[in-house]
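Heads up, the thing below is written out as structure tokens.
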Amino acid sequence: MRRVLLSATVTAAVLTCLAGPAVAQQTGGENKHNGWWFGVGLGGGWSHTDTPDTTRSGGAGFIRGGGTLSQRFLVGGDAAFWVSKNGQHEWISATNVTASILIYPFYPLGGYVKLGAGLAIADVVGDTDVPGLIPPAEKEYGIGATAGIGWDVRIARNFYLTPNVDFLYQKVDIPDSADDVKLWSILLTVGATWH
């Protein structure tokens with residue numbers, strides 16, 4: 001399973017980096033970062049936990065926004081998540097809410113590297129017997145770090161299609177447990193970004 005996960009991540013990263021310049025040439029304009037920016041995206045991914053030692057696939061997404069320091073540096077907040085159904089009656093999720101910086105090392109090309117640190121949230125939500133009632137979640141908190149790569153592909157003047165590969169790390173304190181639980185998630189998403 002780890003080989004499949006690594007192969008999928010490397011393939012997605014390479015395709016993201018190769019596709020961006022070709023599409024950017026077709027749209028006939030360079031990427032411009034002006035003032036505030038905002039992005040949302042959805043996709044899929046995998047999450048691995050060390051206690052117990054399991055890897056699962058699931059859905060993924062992000063929401064982020066911030067401001068422009070320069071054409072090469074953007075700063076802001078980032079919430080990236082992974083979610084999966086655990087058996088018949090339970091959902092689990094991993095979310096990182098981080099302060100992040102996006103670095104565009106080859107500007108005006110759209111490729112970027114993202115780094116962030118902040119809060120990790122691990123969730124477990126069970127079903128209830130009452131239709132439509134959302135049960136309370138069992139949330140555990142800890143420290144989280146996010147790293148990623150992506151490409152802003154210009155579609156219109158201030159609108160970009162943004163494929164991403166994100167890596168989430170979480171160290172979460174579980175009550176009544178001697179050790180912290182460590183989670184790693186890899187998210188493959190496609191988003192929309194407004195600059």
Taking every non-hydrogen atom, the tightest pair across [X] and [Y]:
X	Y	answer
G45	A60	N-CB, 4.3 Å
P163	V153	CD-CG2, 4.4 Å
F62	R64	CE1-CZ, 3.7 Å
S47	L183	OG-CD2, 4.4 Å
T193	T162	OG1-OG1, 2.8 Å
A192	F159	CB-CE1, 3.6 Å

Student check: side-chain heavy atoms of [X] and [Y] closer than 4.5 Å:
X	Y	answer
L74	H195	yes
T98	K114	no
Y141	I121	yes
D123	W91	no
L187	N164	no
W82	I92	yes

Distance-only donor-acceptor pairs under 3.5 Å for side chains of residues 142-150, two or more places apart:
from	atom 1	to	atom 2	distance (Å)
T146	OG1	N96	ND2	3.3

Taking it one step at a time, do I63 and F38 satisfy side-chain contact (heavy atoms from CB on, under 4.5 Å)? CA-CA 8 Å; I63 182 169; F38 175 77; 3.9 Å; yes
side-chain contact (heavy atoms from CB on, under 4.5 Å) evaluation trace for F73 with I103: CA-CA 5 Å; F73 296 97; I103 304 164; 3.9 Å; yes
Any chance you could measure [X], atom [atom1], to [Y], atom [atom2], to the nearest 0.5 Å?
X	Y	atom1	atom2	result
Y104	W151	OH	CH2	10.5 Å
R56	T49	CZ	OG1	9.0 Å
L102	T68	CG	OG1	10.0 Å

Would F81 and L168 count as a side-chain contact (heavy atoms from CB on, under 4.5 Å) here? Give the steps. CA-CA 9 Å; F81 66 88; L168 277 56; over 6 Å; no
Side-chain ([X]) to main-chain ([Y]) donor-acceptor, under 3.5 angstrom:
X	Y	answer
T55	H48	no
Q170	T95	yes
S70	R72	yes
W46	S57	no

CH2/W194: more than 12 non-hydrogen atoms of other groups inside 6.0 Å: yes
Check whether [X] and [Y] end up in the same hydrophobic cluster, where Ile, Leu, Val, Met, Phe, Trp and Tyr are linked by side-chain heavy atoms less than 4.5 Å apart.
X	Y	answer
V75	L115	yes
L109	L161	yes
W36	L69	no

